[in-house]
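Report on the following structure.
Scope of the values below: all heavy atoms of this structure, side chains included, with no hydrogens, waters or symmetry mates. In what follows, every chain begins at residue 1, and chains take the letters A, B, ... in the order their sequences are listed.
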Amino acid sequence: MSRILITSALPYINGIKHLGNLVGSQLPADLYARYCRARGHEVLFLCATDEHGTPAELAAAKADMPVDAYCSQMHRTQARLAAGFGLSFDHFGRSSSPQNHRLTQYFAGRLAENGYISEVSEKMVYSPADGRFLPDRYIEGTCPNCGYDRARGDQCENCTKQLDPTDLLEPRSAISGATDLEVRETKHLFLRQSALKDDIDSWIDSKADWPVLTTSIAKKWLHDGDGLQDRGITRDLDWGIPVKKGDESWPGMEGKVFYVWFDAPIEYIACAAEWAEAQGKDEEDWWRWWRTDAGAEDVRYVQFMGKDNVPFHTLTFPSTLIGSRDPWKLVDYIKSFNYLNYDGGQFSTSQGRGIFQDDALEILPADYWRWWLLSNAPESSDSEFTWEKFQTGVNKDLADVLGNFVSRVTKFCRSKFGEEVPEGGEITEDGRRLIGELNTRLATYVGHMDAIEVRKAAAELRAIWVAGNEFLQTAAPWTSFKTDPERAAADIRLALNLIRVYAVLSAPFIPGAAATLLEAMCTDDTGWPSDMEAALAVLEAGHGFSVPDTLFAKIGDEDREGWEVRFAGGRG
RNA sequence: GGGCCUGUAGCUCAAUUGGUUAGAGCAGAGCGCUCAUAACGCUUUGGUUGGGGGUUCAAGUCCCUCCGGGCCUACCA
């Protein structure tokens, strides 16, 4: 048994997330967390909402709410939806927590003490009408290159030319439309990543087992052009963590806050502190997960995220931790994902395009979504959701292969032997063959799960389900029952036990159905099988069970067509 | 412009990192079974691995080139 720290990328607070967000971080993280717990490891699985920054302010303004109240409300909504999808966080925290305020200010102070913070004066665009400095992308104007009149201050979407906000002709605020923009001088703190480049570089080089997607993005930023650049970590905003040097004020930085990408990863640590407090534990209880001088040297830390988050997790956050010169635990493995597209285009929160978490749970149980999304996770490249693929995938895998297996075994037993595990006979030759195959497949499944190869693990689990149907077909207890009932009893005893084993092996993917199966088999034995013959003898002759209701109802063509129409347009 | 990823059966993906005859699922065809959610099992059709060139005893895999798709490029997160 070992100790495994798992974090999922933090969902941003400005609305309900879509399925693309879910499959890229929280869902695979939950799969791995559930698997690790099932294998008997000690797991701390953390996630939180990422609440600071301009988009949160704008979303709150749109909802006509104070930003802190908006964030509290949206946090509760996201927590409810996460629970609905069965995400088994040990704690679902908030980047706006007091713990994160303290830690973020602490890290800034340590980095300053160690010479990794510089102060830089910049000229930024200020909008008197909005009463705020405007980020580049919130300034619109006419592109000097192509004449497009809705070019953004960072880039023209029409001709893709990269711009400086001062390049724009007739610039205006994208928030209010105000045109009385001025350029003002403002001072900001920069994290001196350039001074930590060699540390980061050799650390990345030591991670030969990481996915190419992860290391290639990191190396690109490390080596491209002039190498790793310093990064601004403060902003002229109201909503955020006030800039402080530990407990002390920071002269010249009054009224400024830390940039979200500085405080958000620190919330991974602060979230452990929130967890400890919520559990009535002490500082040492979470330090043993995060401080290598307090027990975390034997922790394996795994992060899950979409590819857009990789630079911050491979460069900025490690720079923060290393630059503190404290013994904080660094990540051991980063699992990154590509994007899930929706029916020929991207999921989009801002355009309301695709399927959102609340809608998804309204039309189908979480297991349907979990299974399809995980078994089609965008690991090697972007993947695509279509209703037709979703329908056939779910119907074949869950209803036909797994659900129908459970149904045929339990109903056959009930009609021939009654609702208890039948006695008599010895394991048959067909049974021996099944046990042999399952031992092989279990080893493959475990290998893929350990390596966090999500799609391959799902394919192997499906093959394990198929093996049950093959066994029934060859053993044909409905035939042997007529001439050799003891043989039929032995085969059905094995098949009933197989249902329990399926529940245990499948639980990380489909926890709801797994719980239903265990309940139907009247057992709470969730022991991970090490030897299949032993695992398939847990339910002994005479053990009662019940025939469960249809495990997975099929998605009909009418359902699919209705959803296709309903989710075709944006939802505003 | 620069960089990274990607292109394999009608569709979605594998292929132990250069090693026998490129494999699965879905879809299609045929057969079998009748316990079961019209479910299950078996067999089977289907490939010049995007095009071209090169290295090698051997290339889906390495190199060059062309074509297509995606992502990133530092103030959206």
Distance between C1' atoms of B:U55 and B:C72 (Å, rounded)
33 Å
So A:K416, base contact, sugar-phosphate only, or nothing? Heavy-atom distance under 4.0 Å.
nothing
Is it true that A:R560 and A:E564 make a salt bridge, defined as a side-chain N closer than 4.0 Å to a carboxylate O?
yes
Nearest to the side chain of A:N404, which nucleotide is it out of B:U37, B:A77, B:A36?
B:A36
Atom pair distance, as rounded to whole Å: OH in A:Y12 and C1' in B:C76:
9 Å
Length of the CZ-P vector between A:R455 and B:U12, whole Å:
11 Å
Is A:K554 salt-bridged to A:D400, cutoff N-O under 4.0 Å?
yes
Nearest-Å distance once atom C1' is located in both B:G46 and B:A24
14 Å
Atom-to-atom span, CZ of A:F385 to C1' of B:C11 - whole angstrom
16 Å
Between A:N21 and A:Q26: side-chain donor-acceptor atoms closer than 3.5 Å:
no
When the distance from CG of A:N395 to C1' of B:A38 is rounded to whole Å, what number comes out?
13 Å
Among B:C75, B:U37, B:C42, which nucleotide sits nearest the side chain of A:T550?
B:U37
In terms of ring plane angle, is the pair A:H313 and A:Y268 parallel, tilted or perpendicular, where the classes change at 30° and 60°?
tilted
Provide the distance between the two C1' atoms, one in B:U12 and one in B:G47, to the nearest whole Å.
16 Å
Choose from B:C40, B:C75, B:A36 the nucleotide whose nearest atom is closest to any side-chain atom of A:S407.
B:A36
Measure from the side-chain heavy atoms of A:V466 and tell me the nearest of B:A74, B:G70, B:G41.
B:G41
In whole angstrom, what separates A:F471's CZ from B:C35's P?
17 Å
Check the distance between B:A36's C1' and A:R408's CZ and give it to me in whole angstrom.
6 Å
Counting side-chain heavy atoms from CB outward, which of B:C40, B:A77, B:C13 is closest to A:S383?
B:C13
Taken to the nearest whole Å, CZ/A:F337 to P/B:C5 is 19 Å
Between B:A22 and B:U65, how far apart are the two C1' atoms, rounded to whole Å?
25 Å
Any donor-acceptor N or O pair under 3.5 Å, side chains A:E388, A:T386
no
Apply the syn/anti split at 90° from 0 to B:U21 and say which one it is.
anti
Let me check I have this right: for RNA chain B, each base becomes ., (, ), [, ] or |, based on Watson-Crick or G-U pairs with both distances under 3.5 Å. What is the full string?
(((((((..((((.....[...)))).(((((.......))))).....(((((..]....))))))))))))....
Does A:K554 make a side-chain N or O approach to OP1 or OP2 of B:A39 shorter than 4.0 Å?
yes
Distance only, no hydrogens: is a donor on one side chain within 3.5 Å (strictly under) of an acceptor on the other, for A:S383 and A:N376?
no
Sugar-phosphate only, base, or nothing, as touched by A:F481 at under 4.0 Å among non-hydrogen atoms:
nothing
C1' spacing across the pair B:C31 / B:G18, given as an integer number of angstrom:
41 Å
Result for 5'-nearest mapping on RNA chain B, choosing between A:D400 and A:E379, is A:E379
Using the P atom as the point on both nucleotides, what is the distance between B:G19 and B:C63, in whole Å?
15 Å
Distance in Å, A:F190 CZ paired with A:D230 CG, rounded so as to fall on 0.5 Å steps
7.5 Å
For the residue pair A:F390 and A:F385, does the interplanar ring angle fall in the parallel (under 30°), tilted (30 to 60°) or perpendicular (over 60°) class?
tilted
For A:L10, report the nucleic acid contact type (base, sugar-phosphate, nothing); a contact means any heavy atom under 4.0 Å.
nothing
So how far is it from A:L222 CG to A:T314 OG1, rounded to the nearest 0.5 Å?
7.0 Å
Just the rounded figure in Å: distance from P of B:C76 to CG of A:N21.
17 Å
Taking the minimum atom-to-atom distance to the side chain of A:K307, which one of B:C71, B:G41, B:C13 wins?
B:C71
Mind checking whether A:F337 and A:F304 have parallel, tilted or perpendicular rings, split at 30° and 60°?
parallel
Using the P atom on both, measure B:U45 against B:G25 and round to a whole Å.
14 Å
Check whether the side chains of A:E419 and A:S546 place a donor and an acceptor atom closer than 3.5 Å, and report yes or no.
no
Measure from the side-chain heavy atoms of A:D308 and tell me the nearest of B:A77, B:C42, B:G32.
B:A77
Counting primed atoms, P, OP1 and OP2 as sugar-phosphate and everything else as base, the B/S/- map of nucleotides 25-30 of chain B against protein heavy atoms under 4.0 Å is SS----
Check whether any side-chain nitrogen or oxygen of A:K411 sits under 4.0 Å from OP1 or OP2 of B:U37, and answer yes or no.
yes
Centroid under 5.5 Å and tilt under 30°, A:F412 to B:C35:
no
Taking the same atom, C1', in B:U73 and in B:C11, what whole-Å distance lies between them?
34 Å
Can you find a side chain N or O atom of A:Y339 that sits less than 4.0 Å from OP1 or OP2 on B:C72?
yes
What's A:E122 touching, base or sugar-phosphate or nothing? Going by heavy atoms closer than 4.0 Å.
base
Can you tell me if A:D430 and A:T474 form a side-chain donor-acceptor pair at under 3.5 Å?
no
Side chain of A:P55 only, please: which of B:A15, B:C76, B:U12 is the nearest?
B:C76
